[in-house]
Amino acid sequence: MSEVKEQPLNWLWYPYIPSGKITVIHGAPDSGKTMFACQLMAAFTSQKNLEGMEEHPTGNVLYFSADDDLSDMVGPRLIESGADLSRILAVNDMLPFTLADESIEKLIEDFNIHVMIVDPIQEYLEYEVYGDEPELIYPILHKLEGIAKHTGCAMILIAYSDGLGSENGNIWKNEFAEKISSVLCLERADMETKESCLIHEKCLLAPEGEKKTVALFQNNKN
């Protein structure tokens with residue numbers, strides 16, 4: 001250990017999202033996962049900081065979006081969030097592109113990407129996350145962890161789940177525990193509510209943060 005060089009730990013949003021590590025944000029349908037991803041992109045590209053987020057330099061975002069159209073779904077949400085669209089590189093409708101693709105690290109390096117968001121991760125994996133063989137997902141997370149560490153890029157994986165405390169949600173904390181540094185869950189009380197709660201379920205690098213309120217947009221609920 002006397003020969004191990006200590007590496008400084010940087011945060012995009014302490015203690016929720018570390019740089020150079022993997023963060024998972026999961027939640028049930030209509031909990032606001034994609035809308036929250038847009039708010040994160042606004043925070044990282046134009047300093048539209050979220051509650052408790054310290055000021056930080058702006059950077060570029062690589063956004064994988066498999067579910068939503070960029071022109072009438074993602075774009076309007078980003079504009080409403082106040083994101084700098086010129087700093088966001090979006091990849092859409094490229095299936096069967098998967099996270100095993102060797103071009104990911106090159107994209108990060110060529111476009112000087114600081115944050116990569118995959119929304120949702122289930123659409124970019126060859127195998128089922130919540131199936132009987134979670135070990136098949138482990139090599140992909142291992143690869144992403146290595147890319148994150150090498151480039152300093154924060155990897156944010158958006159995931160469908162059954163919500164807080166569910167069997168599927170707990171997989172991110174348990175089955176892949178050593179590869180995922182932070183696990184967050186979005187919970188929405190009911191469909192009439194215009195906000196969700198962000199619960200910090202796990203953090204390997206700091207004490208878990210307090211529950212946050214996430215405001216939802218008026219028209220879109222995904």
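This chain uses plain numbering: 1 for the first residue, then up along the sequence.
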Under the side chain to side chain donor-acceptor pair (under 3.5 Å) test, residues paired with His56 that sit two or more places apart: none

Verdict with reasoning, Lys48 to Gln39, per side-chain contact (heavy atoms from CB on, under 4.5 Å): CA-CA 8 Å; Lys48 299 290 184 180; Gln39 293 176 31; over 6 Å; no

What is the distance from atom [atom1] of [X] to atom [atom2] of [Y], rounded to the nearest 0.5 Å?
| X | Y | atom1 | atom2 | result |
| --- | --- | --- | --- | --- |
| Tyr63 | Met41 | OH | CE | 4.5 Å |
| Ser181 | Leu9 | OG | CG | 8.5 Å |
| Thr213 | Lys194 | OG1 | NZ | 16.0 Å |
| Arg188 | Lys33 | CZ | NZ | 10.5 Å |
| Thr34 | Ile25 | OG1 | CD1 | 10.5 Å |
| Ile147 | Glu145 | CD1 | CD | 11.0 Å |

Listing, residues 109-117 side-chain donor-acceptor contacts under 3.5 Å, not counting sequence neighbours, or none:
{"unit_1": "Asp110", "atom_1": "OD2", "unit_2": "Lys106", "atom_2": "NZ", "d": "2.5"}
{"unit_1": "His114", "atom_1": "ND1", "unit_2": "Asn60", "atom_2": "N", "d": "3.0"}
{"unit_1": "His114", "atom_1": "ND1", "unit_2": "Asn112", "atom_2": "O", "d": "3.3"}

Check against side-chain contact (heavy atoms from CB on, under 4.5 Å), Ile108 and Met155: CA-CA 11 Å; Ile108 291 172; Met155 300 278 184; 3.8 Å; yes

Residues that Glu126 engages under side chain to side chain contact (heavy atoms under 4.5 Å, CB included), provided they are two or more places apart: none

Give me the atom names and distance for the closest heavy-atom approach of [X] to [Y].
| X | Y | answer |
| --- | --- | --- |
| Gly163 | Cys185 | C-SG, 3.9 Å |
| Gly165 | Asn170 | O-ND2, 3.6 Å |
| Arg77 | Cys38 | CB-SG, 3.6 Å |
| Ala42 | Ser81 | CB-O, 3.3 Å |
| Ser196 | Ser31 | OG-O, 2.6 Å |
| Pro139 | Leu136 | CD-O, 3.5 Å |

Distance-only donor-acceptor check, side chains Asp69 and Ser71, under 3.5 Å: yes

Any sub-3.5 Å donor-acceptor pair from [X]'s side-chain atoms to [Y]'s backbone N or O?
| X | Y | value |
| --- | --- | --- |
| Gln47 | Asn49 | no |
| Glu208 | Cys203 | yes |
| Thr45 | Asp84 | yes |

Stepwise side-chain contact (heavy atoms from CB on, under 4.5 Å) test for Leu50 and Phe36: CA-CA 10 Å; Leu50 299 171; Phe36 183 56; 3.8 Å; yes

I need the single residue from [options] that forms a side chain to side chain contact (heavy atoms under 4.5 Å, CB included) with [X]. Which is it?
| X | options | answer |
| --- | --- | --- |
| Leu157 | Val183, Ile180, Ile140, Leu141 | Leu141 |
| Leu62 | Val118, Leu107, Ile88 | Leu107 |
| Leu184 | Ile158, Leu198, Ile199 | Leu198 |

Identify whether [X] and [Y] are in the same connected component of the hydrophobic contact network (ILVMFWY, side-chain heavy atoms under 4.5 Å).
| X | Y | result |
| --- | --- | --- |
| Leu144 | Val129 | yes |
| Tyr127 | Ile121 | yes |
| Leu204 | Trp172 | no |
| Leu205 | Ile156 | no |

If you count heavy atoms of other groups shown closer than 6.0 angstrom to [atom1] of [X], is the number above 12?
| X | atom1 | value |
| --- | --- | --- |
| Glu167 | CD | no |
| Glu178 | CD | yes |
| Lys143 | NZ | yes |

For Glu105, all residues meeting salt bridge (charged side-chain N to carboxylate O under 4.0 Å, His left out), sequence neighbours excluded: none

Phe64: partners by ring-ring contact (aromatic ring centres under 6.0 Å, His included), with sequence neighbours left out: Phe97, Tyr124

side-chain hydrogen bond (donor to acceptor under 3.5 Å, both in side chains) between Asp101 and Ser103, worked out: CA-CA 6 Å; Asp101 195 285; Ser103 67; 2.6 Å; yes

Between side-chain atoms of residues 13-23 and protein atoms elsewhere (two or more places apart, or another chain), which donor-acceptor pairs fall under 3.5 Å?
{"unit_1": "Trp13", "atom_1": "NE1", "unit_2": "Glu51", "atom_2": "O", "d": "3.4"}
{"unit_1": "Tyr16", "atom_1": "OH", "unit_2": "Glu210", "atom_2": "N", "d": "3.1"}
{"unit_1": "Tyr16", "atom_1": "OH", "unit_2": "Glu210", "atom_2": "O", "d": "2.6"}

Derivation of the side-chain contact (heavy atoms from CB on, under 4.5 Å) call for Val74 and Asp119: CA-CA 11 Å; Val74 176; Asp119 182 16; over 6 Å; no

Side-chain touch Phe44/Met53, heavy atoms, less than 4.5 angstrom: yes

